[in-house]
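Note that these values count all heavy atoms, side chains included, but never hydrogens, waters or copies made by symmetry.
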Amino acid sequence: MPDRPLRETVRRYRTPGENGAVVVEPAWAEVGALVETNQDRRSLTDRYDCQGKRLGDLVRLAREELLHEARQWTASYHDLPSPLEKSFPAAHSNGDASERRSDIGKIFLAGHQPQLFHPGVWLKNFALDRLARSFQAVAVNLIVDHDAPHTVEVRTPIGSLKELGWTNIPLDGPLPGVPYEDRPIVDWRIFEAFGRRALEAIRPLVPAPMLEHFWPVVLERARATGRLGAAIAQARGLWESRWGNRTLEVPFSRLCQGEAFLWFAAHLVAQLPRFNEHYNIILAEYRQIHRIRNPAQPVPDLRAEDGWLEAPLWIWTQQTPVRRALYVRQTGREAILSDQSGFEVRLAIRPDGDLGQAVSMFQELAERGVRIRPKAILTTLWARLALGDLFIHGVGGARYDQITDEVIRRFMGLEPPQFLVLSGTLHLPIDRPPVSQEKWLSVQRQLRELAWNPERFLNCRDNAAQAAETESVPCDDRETLVAEKWRWIRTLATPENARTRFLAIRRINQALQPWVSKVRSDLLAEQVVLQRRLQAEKILQWRDWPFCFYPENVLQDFFSTALRGAG
């Protein structure tokens with residue numbers, strides 16, 4: 001398949017700005033056609049050779065592994081909805097993937113890190129359930145637990161409308177670089193106190209936040225799992241079940257230990273020089289189109305140094321669970337895998353050889369606690385290409401996954417599956433008087449006018465009376481000063497008189513200030529009030545507040561309205 005410029009395929013997705021606004025692309029009515037297109041494209045994966053297995057065989061195996069693991073994970077903390085009990089193979093059958101059931105039905109996917117994300121992200125989970133019911137598909141939410149949290153502090157609004165601000169409340173103690181998959185609760189005292197501290201902060205502002213009843217469920221799941229990410233994900237999953245969702249969930253890390261993903265990862269390692277060349281060229285094109293100068297955005301290039309190539313994979317061990325980039329050096333008949341910090345392993349991986357032995361060694365490494373996990377673009381590449389018939393992206397994921405599209409086209413010669421983009425904006429339900437930036441700008445303009453054109457405000461009797469009381473300038477001089485200013489304004493400026501003219505007008509403006517001091521005082525007071533209200537509005541319009549800071553009825557109304565037409 002010939003390459004085509006990224007400029008022809010890139011789209012600019014926009015985050016919805018207004019309260020209650022939703023972006024959905026393509027429209028709900030087009031989802032059926034999108035799913036059919038994706039199924040047609042998935043049927044072509046049998047054409048791609050993964051060095052010992054066809055990609056189509058890996059896809060069929062990956063989908064069985066997905067449903068098996070999703071059933072086990074979901075059933076571990078709550079009962080499966082009865083309609084789903086017959087939707088899975090009870091266990092993996094023996095023999096080749098080609099001998100397994102070729103069609104296990106439609107699978108719809110969404111996914112995110114196990115965080116206290118905002119309602120616009122949570123909206124995807126409810127859309128996933130709604131669409132899956134409409135198209136008789138199984139809905140699976142992927143918990144991206146091989147990511148490491150950027151922070152364990154949660155931004156929280158504090159104060160009142162008169163003095164509104166925000167603070168960061170710690171969710172747990174720090175443990176940098178450790179992925180959710182292996183991250184325990186570090187400080188139970190901090191973790192248990194988060195709910196109380198956040199409630200105390202937001203209760204003066206938000207009536208009946210969901211957090212009050214949600215956090216005890218998080219604590220219960222934390223005691224059961226001992227993991228930060230699992231506790232939040234399972235508590236949220238239970239809440240969705242209470243609201244009627246029939247969505248399954250599974251940590252992505254579980255899928256990474258299956259044969260299908262490990263075979264595909266080994267294939268990428270074998271073809272790494274070619275993969276990295278395409279990947280870095282596509283990133284450069286993307287940055288050029290979007291005028292991005294930061295080489296770390298949207299993701300960094302894959303590095304090459306001293307014969308080592310960086311793979312689109314992470315590696316760490318259960319004993320030392322700090323995520324590191326995986327580097328590969330080809331030596332002819334094998335490849336050396338390293339984290340560049342002391343860990344190395346040799347695998348029988350060649351660009352043109354069968355990968356069966358290498359996959360067996362990958363599986364042995366997994367049993368020894370070695371984690372090999374995909375980076376962001378490879379995560380969604382595998383989810384969309386192998387696991388599902390429909391993937392629901394947020395705006396941020398949709399932006400960077402256009403790079404994934406082009407990687408699939410250029411590296412694999414396949415047309416990528418399409419995805420649905422969905423996100424929404426929901427403000428905290430806090431009543432406040434309306435305020436606009438235009439009003440603040442109007443006050444700013446009037447203050448400038450007072451400095452440079454004070455004569456325009458001299459009709460106010462209160463100002464004239466106040467000026468007379470100060471006796472700084474005789475009242476009789478007011479008209480004289482204004483008349484003098486206009487004479488200078490009407491005087492044509494020349495190189496000879498320009499400075500004299502400027503200084504005269506400035507002197508007159510300063511002399512007229514006592515007559516407008518009351519106006520200035522009122523405007524400055526109004527400016528302070530407007531600045532506070534604008535700052536409060538900026539805080540209240542921030543769309544990334546955690547979903548549990550909102551009342552349940554507000555969230556349910558938002559989801560119901562946003563998903564009209566979704567089936």
Side-chain angles (χ1 to χ4, degrees), residues 1 42 44-65 92 94-100 255-281 302-315 317 324-340 343-368 370-375 377-379 381-382 385-387 404 407-414:
M1 178 179 294
R42 191 178 76 238
L44 300 178
T45 56
D46 280 318
R47 299 179 179 179
Y48 187 84
D49 178 29
C50 285
Q51 300 176 238
K53 287 187 183 293
R54 309 303 296 180
L55 178 59
D57 291 337
L58 295 181
V59 166
R60 286 182 282 274
L61 174 59
R63 288 161 67 88
E64 284 197 5
E65 290 174 342
H92 298 305
N94 296 323
D96 264 3
S98 59
E99 298 175 356
R100 296 187 176 95
L255 310 179
C256 295
Q257 300 177 111
E259 179 186 348
F261 176 79
L262 290 177
W263 198 291
F264 188 70
H267 171 64
L268 289 184
V269 169
Q271 304 296 324
L272 198 55
R274 187 168 63 88
F275 180 90
N276 285 18
E277 181 181 9
H278 284 300
Y279 183 91
N280 290 341
I281 289 174
L302 294 173
R303 298 174 59 194
E305 188 174 345
D306 298 329
W308 292 95
L309 295 179
E310 182 182 0
L313 298 162
W314 298 109
I315 187 169
T317 65
R324 300 184 187 278
L326 177 64
Y327 287 85
V328 178
R329 172 180 278 173
Q330 297 283 350
T331 64
R333 300 190 62 81
E334 63 181 6
I336 304 173
L337 277 60
S338 171
D339 67 354
Q340 304 286 280
F343 177 87
E344 283 192 6
V345 63
R346 293 175 179 264
L347 297 179
I349 296 179
R350 304 194 315 272
D352 56 352
D354 185 275
L355 297 174
Q357 183 180 354
V359 172
S360 296
M361 293 187 68
F362 268 149
Q363 291 171 326
E364 291 178 12
L365 288 173
E367 291 173 1
R368 287 161 41 193
V370 177
R371 319 293 202 205
I372 295 176
R373 306 291 186 255
K375 292 190 175 181
I377 285 179
L378 186 55
T379 297
L381 183 152
W382 185 246
L385 192 62
L387 301 180
T404 309
V407 169
I408 294 172
R409 290 188 181 103
R410 300 187 194 183
F411 174 70
M412 307 184 75
L414 298 171

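- What you find for Leu355 and Ala270 is that their closest heavy atoms are CD2-CB, 4.4 Å.
- Checked by atom type and distance alone, the side chain of Trp263 pairs as donor or acceptor with a backbone atom of Cys50 at under 3.5 Å.
- Although no hydrogens or angles enter the test, the distance criterion places a donor-acceptor pair under 3.5 Å between the side chain of Arg274 and the main chain of Phe411.
- When all heavy atoms are compared, the tightest approach of Ile281 to Arg410 is CG2-NH1, 4.0 Å.
- Of the possible polar contacts, none joining the Glu259 side chain to the Glu65 backbone as a donor-acceptor pair under 3.5 Å is found.
- A distance of 9.5 Å separates CG of Leu255 from CD of Gln257, quoted to the nearest 0.5 Å.
- Between Asp354 and Lys53, none of the side-chain N atoms (NZ, or NE/NH1/NH2) sits under 4.0 Å from a carboxylate O, so this pair counts as no salt bridge.
- Listed here is the closest heavy atom pair of Ala386 and Val59: O-CG1, 3.4 Å.
- One distance of note links OG1 of Thr317 with CG of Leu365; it measures 11.0 Å at 0.5 Å rounding.
- Two residues are said to be in side-chain contact when any heavy atoms from C-beta on lie closer than 4.5 Å; Gln363 and Arg368 fail this criterion.
- Using a 4.5 Å heavy-atom threshold, the side chains of Asp46 and Arg60 count as touching.
- Minimum heavy-atom separation, Leu387 to Arg63: O-NH1, 3.3 Å.
- Residues satisfying the side chain to side chain contact (heavy atoms under 4.5 Å, CB included) criterion with Gln340, sequence neighbours excluded, are Trp308, Tyr327, Ser338.
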For side chain to side chain contact (heavy atoms under 4.5 Å, CB included), just list the numbers for Leu381 and Phe264, CA-CA rounded to whole Å, side-chain angles, deciding distance to a tenth of an Å, and then say yes or no. CA-CA 11 Å; Leu381 183 152; Phe264 188 70; 3.8 Å; yes

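- Closest approach of Ile349 and Ala358 over heavy atoms only: CG1-CB, 3.4 Å.
- Partner of Phe275 under the side chain to side chain contact (heavy atoms under 4.5 Å, CB included) criterion, chosen from Val269, Leu309, Leu302: Leu302.
- Counting only heavy atoms from C-beta outward, the side chains of Pro312 and Leu268 approach each other to under 4.5 Å.
- The CG atom of Leu378 sits 8.5 Å away from atom OG1 of Thr404, with the distance rounded to the nearest 0.5 Å.
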Taking it one step at a time, do Ile377 and Tyr279 satisfy side chain to side chain contact (heavy atoms under 4.5 Å, CB included)? CA-CA 10 Å; Ile377 285 179; Tyr279 183 91; 3.8 Å; yes

Audit row: Ile336, Val328, side chain to side chain contact (heavy atoms under 4.5 Å, CB included) steps and yes/no: CA-CA 6 Å; Ile336 304 173; Val328 178; over 6 Å; no

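- Atom CE of Met412 is separated from atom OG1 of Thr45 by 8.5 Å, given to the nearest 0.5 angstrom.
- Remark: the backbone N or O of Pro351 is paired with a side-chain donor or acceptor of Gln271 at under 3.5 angstrom.
- In the displayed structure, Glu344 atom CD is contacted under 6.0 Å by more than 12 heavy atoms of other residues, nucleotides or ligands.
- Rounding to the nearest 0.5 Å gives a distance of 11.5 Å between CG of Asn280 and CZ of Arg303.
- With sequence neighbours excluded, the residues that form a ring pair (Phe, Tyr, Trp, His ring centres under 6.0 Å) with Tyr48 are His267.
- The closest donor-acceptor contact from the side chain of Arg329 to the backbone of Asp306 lies under 3.5 Å.
- Here Glu334 pairs with Thr331, Arg346 under the side chain to side chain contact (heavy atoms under 4.5 Å, CB included) rule; sequence neighbours left out.
- One distance of note links CG of Leu337 with CD1 of Ile372; it measures 6.0 Å at 0.5 Å rounding.
- Under the 3.5 Å distance criterion, the side-chain polar atoms of Asp339 are left unmatched by any main-chain donor or acceptor of Ala325.
- The shortest side-chain heavy-atom distance between Phe261 and Pro374 falls under the 4.5 Å cut-off.
- With salt bridges taken as basic N to acidic carboxylate O contacts below 4.0 Å, none links Asp57 and Arg54.
- Taking the side chain as every heavy atom from C-beta outward, Arg371 and Trp314 never approach each other to under 4.5 Å.
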